[in-house]
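What follows is a short report on a single structure.
Keep in mind that the numbers below use all heavy atoms, side chains included, and drop hydrogens, waters and symmetry copies. The shown structure was predicted, so the numbers you read here are calculated from the model rather than taken from an experiment.
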Amino acid sequence: MNDISTRGELGVGSRVMARADGGRMAKGERGIVYDVRGSGDQTRYGILSEKGECREYSAAQVKELFDFTPGDRVAELLDYRFENAGKLLVDFQRGRFRPAFPPLPRTAMAARS
């Protein structure tokens, strides 16, 4: 995984992984970008954790807290349009984000514990 350096590398549907505990995600926890707003240093990224926790992060926070692989986007989520936190959580509960969080192999789950 690479450090996030520019907005163009990270967009709606991008998978991320927490590099350290911070915000609402623990180290090693997976997340998906559900919204990108603003530009330049004012860019804000909405990230939904695999546990259903959502939070908005500044570009600086994203660089500090997350890793990602360029081009690793979930095709089923590229067209997702964020409306509000309530709808986001309903969408999560209904399985809309399930393609972003496939089951981990047992070895990966043990390494995260």
Side-chain angles (χ1 to χ4, degrees):
M1 294 192 149
N2 296 323
D3 287 341
I4 296 166
S5 58
T6 66
R7 178 179 183 201
E9 295 177 340
L10 190 67
V12 172
S14 293
R15 296 179 212 247
V16 299
M17 183 172 287
R19 170 181 322 133
D21 291 342
R24 294 188 173 151
M25 294 176 65
K27 181 179 179 178
E29 190 172 349
R30 300 175 295 170
I32 190 79
V33 176
Y34 64 83
D35 189 40
V36 180
R37 296 173 188 248
S39 62
D41 291 341
Q42 301 303 312
T43 303
R44 307 287 296 177
Y45 298 90
I47 297 177
L48 178 68
S49 78
E50 62 190 298
K51 295 178 182 173
E53 298 281 337
C54 63
R55 180 173 172 199
E56 191 174 273
Y57 296 87
S58 70
Q61 289 172 314
V62 169
K63 287 179 184 180
E64 177 185 340
L65 298 172
F66 298 99
D67 286 321
F68 83 108
T69 302
D72 184 12
R73 293 190 183 186
V74 179
E76 297 90 338
L77 297 174
L78 295 177
D79 65 346
Y80 188 78
R81 298 291 174 251
F82 175 70
E83 294 178 30
N84 60 59
K87 183 176 182 312
L88 176 75
L89 295 178
V90 168
D91 289 344
F92 177 81
Q93 292 168 346
R94 290 183 177 165
R96 176 77 163 95
F97 294 92
R98 194 170 295 127
F101 307 114
L104 291 172
R106 289 182 184 262
T107 55
M109 290 178 10
R112 289 175 49 180
S113 307

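Contact check for L10 versus V16: side-chain heavy atoms found under the 4.5 Å cut-off.
Residues meeting the side-chain contact (heavy atoms from CB on, under 4.5 Å) test with R98, sequence neighbours left out: none. Judged as a side-chain hydrogen bond (donor to acceptor under 3.5 Å, both in side chains), and not counting sequence neighbours, the contacts of D79 are R96. Here E76 pairs with V74, P99 under the side-chain contact (heavy atoms from CB on, under 4.5 Å) rule; sequence neighbours left out. Residues meeting the side-chain hydrogen bond (donor to acceptor under 3.5 Å, both in side chains) test with D35, sequence neighbours left out: R37. In this structure E64 satisfies the side-chain hydrogen bond (donor to acceptor under 3.5 Å, both in side chains) test with no other residue, sequence neighbours excluded. With sequence neighbours excluded, no residue forms a ring-ring contact (aromatic ring centres under 6.0 Å, His included) with F101. Under the ring-ring contact (aromatic ring centres under 6.0 Å, His included) criterion, F82 pairs with Y34, not counting sequence neighbours. Residues satisfying the side-chain hydrogen bond (donor to acceptor under 3.5 Å, both in side chains) criterion with Q61, sequence neighbours excluded, are S58. Partners of A20 by side-chain contact (heavy atoms from CB on, under 4.5 Å), not counting sequence neighbours: none found.
Distance CD1/I32 to CG/D72: 8.0 Å, rounded to 0.5 Å. Within the model, atoms CE of M25 and CG of L65 stand 9.5 Å from one another, a figure rounded to the nearest 0.5 Å. In this structure, OG1 in T69 is found 9.0 Å from CE in M17, a value given to the nearest 0.5 Å.
Judged by distance alone, with hydrogens and angles left aside, the side-chain atoms of R15 form a donor-acceptor pair with the main-chain N or O of A100 at under 3.5 Å. Side chain of R19 to main chain of K63: a donor-acceptor pair is present (N/O by atom type, distance under 3.5 Å, no hydrogens or angles). Put simply, the side chain of E29 never gets that close to the backbone of A18: no donor and acceptor are under 3.5 Å apart.
Looking at every heavy atom in both residues, D91 comes nearest to Y80 through OD2-OH, 2.7 Å. Nearest heavy atoms, V12 versus L78: O-CD2, 3.5 Å. Here the closest heavy-atom approach between residue L48 and residue C54 is recorded as CD1-CB, 4.0 Å. Contact detail for R73 and S14: the closest heavy-atom pair is NE-OG, 3.2 Å.
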- [ ] Might you work through the ring pair (Phe, Tyr, Trp, His ring centres under 6.0 Å) test for F66 and Y57, ending with a clear yes or no?
- [x] CA-CA 10 Å; F66 298 99; Y57 296 87; 5.0 Å; yes

